[in-house]
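In what follows, a single structure is set out as structure tokens and then discussed.
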Amino acid sequence: MLLSHKRLGNLVNTYIRFDGEACFPKKLLSRPRQPSLISKTQGTRTRCFHFSSRAASPKPISRELFKILCANLDTSIKPKIKIFQDLGFSDSDIADIISCDPWILWRSADNKLGPALVVLKSILGSNAEVCKFLKLSRRYLQHDLDKSLKANMELLDGFGISSSQLVKYMFRFPRLFLHNQKAILEFVERVDKMEFDRSSRLFISAIGIMSSLKVETLELKKKLFRSLGFSEKDVFTMFKRSPMVFGISEKKLKEVTELLVSAGQFDVPYLLSNPELLMYSVERRLKPRLKVLEILEKKNLLEEKPKLNTVCKCSEQKFAEKFILPYANELGKDMTYK
């Protein structure tokens, strides 16, 4: 059974809200007959507005969204909803997916939407996973997934990457799988130049990170590492151990490295052995925990100095339970950790 007109109205009202009482004029779902909604035309671009009972002036609506609001309910919107329902998606799933990407209602039902959903479900295994994935990456329903996603999965499978890993990294690097195969092979070639072992379980992570870095950006990060005391070999070692580090901004890499090295207790070899430290927030994780450890050491409250990587891996609650609450009386006013 198709969603009711009221239900469809609620769905589309997710994208357009009025500041006064919530309302969704039914005639907006048919061909436009309200010229008052079109305020002005600038060249070939039409500016659309909705009106607020509180605002002093109308607020602009994108031209594309206005097209959706003016779409024919029976010939344009219902067929899209029916495709989802025929594939077993619940009303709440449909609402969630369309809320993330309202342009679904304007795409070809037979040529793009249906085939894309079938491919996604065949790879991800369930409607729940498809819904979860589309909330993260709405672009997928705009593509021919047989030629992009499916073909790239087969290509990467040929490099020995398991299907379970590929599915996992679809969520981490969704854009990677929409590249053409020539681009994918170029990413692999750039990873090879970093002397990366293709049999490593991090190979797909390295490809994903490389897909997000321009050649110039990668060179800038390599140059930054060298300026911080890393050798060329160290840079390659860092990439092999933790490709994700190269996805961090140059500013943060510099801040974390300088903080840890300036503390006098950590050096380049330590960071090479614990590259995950470079991914933690300076202000929210590293500085506060280094401060707590410093106070505990000065007061000789620690029998054995803990490893920083172990300390940083702890959740806020576990860190407090292990390093703050047991020493609350001794720390007293020195305790400023939040």
Side-chain angles (χ1 to χ4, degrees), residues 124 128-129 131-133 135-137 162 164-174 200-206 208-209 212 221 224-225 228-230 234 237-338:
L124 297 176
E129 288 299 294
C131 186
K132 178 182 176 182
F133 179 71
K135 288 179 184 179
L136 297 174
S137 184
S162 67
S164 59
Q165 266 195 308
L166 291 174
V167 169
K168 175 182 177 181
Y169 277 88
M170 275 180 64
F171 287 87
R172 292 192 180 183
F173 301 105
S200 169
R201 63 182 179 81
L202 295 176
F203 185 45
I204 180 61
S205 178
I209 284 295
S212 67
K221 292 192 176 181
L224 173 63
F225 274 119
L228 294 171
F230 293 81
D234 291 337
T237 299
M238 180 73 75
F239 187 74
K240 293 174 186 176
R241 291 181 176 174
S242 183
M244 297 295 288
V245 166
F246 284 73
I248 301 171
S249 71
E250 289 90 336
K251 179 182 178 182
K252 182 177 179 180
L253 285 173
K254 186 176 181 180
E255 286 180 348
V256 175
T257 303
E258 290 180 343
L259 170 68
L260 296 179
V261 173
S262 66
Q265 305 174 44
F266 312 100
D267 53 17
V268 168
Y270 186 84
L271 292 177
L272 281 176
S273 299
N274 303 278
E276 66 276 7
L277 289 173
L278 295 172
M279 293 187 279
Y280 291 116
S281 168
V282 169
E283 299 298 330
R284 296 194 303 272
R285 179 72 49 117
L286 292 171
K287 278 187 177 180
R289 298 194 179 189
L290 283 170
K291 182 63 176 178
V292 170
L293 293 180
E294 180 186 354
I295 295 173
L296 294 178
E297 285 182 54
K298 285 182 178 179
K299 292 179 176 288
N300 296 315
L301 295 174
L302 294 176
E303 295 182 3
E304 182 179 352
K305 183 178 178 180
K307 294 180 179 180
L308 182 60
N309 61 325
T310 302
V311 170
C312 287
K313 285 179 182 177
C314 293
S315 65
E316 293 293 339
Q317 181 178 345
K318 287 185 177 180
F319 180 78
E321 290 174 352
K322 189 169 184 178
F323 296 102
I324 297 178
L325 297 180
Y327 310 105
N329 293 331
E330 293 88 341
L331 291 175
K333 63 180 180 180
D334 289 327
M335 187 62 258
T336 57
Y337 179 83
K338 292 183 179 181

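Note that the structure is predicted; figures quoted are calculated from it, not measured. Position 1 is the first residue of the sequence, and the numbers go up from there. Because only heavy atoms are used, hydrogens play no part in the values below, and waters and symmetry mates are left out as well, while side chains stay in.
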Any side chain to side chain donor-acceptor pair (under 3.5 Å) involving residues 305-314? Give me the pairs, sequence neighbours left out, ordered by first then second residue.
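Listed by first then second residue: Gln265-Lys305, Asn274-Asn309.
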Are [X] and [Y] close enough that some pair of their side-chain heavy atoms sits under 4.5 Å apart?
X	Y	answer
Met244	Ser205	yes
Tyr270	Leu308	yes
Tyr327	Ile295	no
Val245	Ile209	no
Val292	Phe319	yes

For Glu294, what residues pass the side-chain hydrogen bond (donor to acceptor under 3.5 Å, both in side chains) criterion, not counting sequence neighbours?
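Per chain and number, Glu294 pairs via side-chain hydrogen bond (donor to acceptor under 3.5 Å, both in side chains) with Lys298.
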With sequence neighbours left out, what residues match Ser315 under side-chain hydrogen bond (donor to acceptor under 3.5 Å, both in side chains)?
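side-chain hydrogen bond (donor to acceptor under 3.5 Å, both in side chains) list for Ser315, sorted by chain: empty.
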Which pairs count as ring-ring contact (aromatic ring centres under 6.0 Å, His included) when at least one residue sits in residues 237-263, sequence neighbours excluded?
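ring-ring contact (aromatic ring centres under 6.0 Å, His included) check on residues 237-263 returns Phe196-Phe239, Phe225-Phe246, Phe239-Phe246.
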Under the side chain to side chain contact (heavy atoms under 4.5 Å, CB included) rule, collect the residues that match up with [X], sequence neighbours excluded.
X	answer
Pro306	Leu293, Leu302, Val311, Phe323
Glu129	Leu124, Ser126, Lys132, Phe171
Lys252	Ile248, Ser249, Val256
Arg241	Thr237, Leu272, Ser273, Pro275

For Lys254, is the NZ atom crowded, meaning more than 12 foreign heavy atoms sit under 6.0 Å from it?
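Counting neighbours around NZ of Lys254, 12 or fewer heavy atoms of other residues, nucleotides or ligands fall under 6.0 Å, so no.
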Would you give the length of the straight line joining atom [atom1] of [X] to atom [atom2] of [Y], rounded to the nearest 0.5 angstrom?
X	Y	atom1	atom2	result
Met170	Ile204	CE	CD1	11.0 Å
Leu259	Leu277	CG	CG	10.5 Å
Met238	Leu271	CE	CG	6.0 Å
Glu316	Arg285	CD	CZ	5.5 Å
Phe230	Leu253	CZ	CG	9.0 Å
Leu278	Thr257	CG	OG1	5.0 Å

Partners passing salt bridge (charged side-chain N to carboxylate O under 4.0 Å, His left out) against [X] (at least two apart in sequence or in another chain):
X	value
Lys251	none
Glu283	Lys287
Glu321	none

Under the side chain to side chain contact (heavy atoms under 4.5 Å, CB included) criterion, do Val268 and Val261 qualify, and how do the steps go?
CA-CA 8 Å; Val268 168; Val261 173; 5.6 Å; no
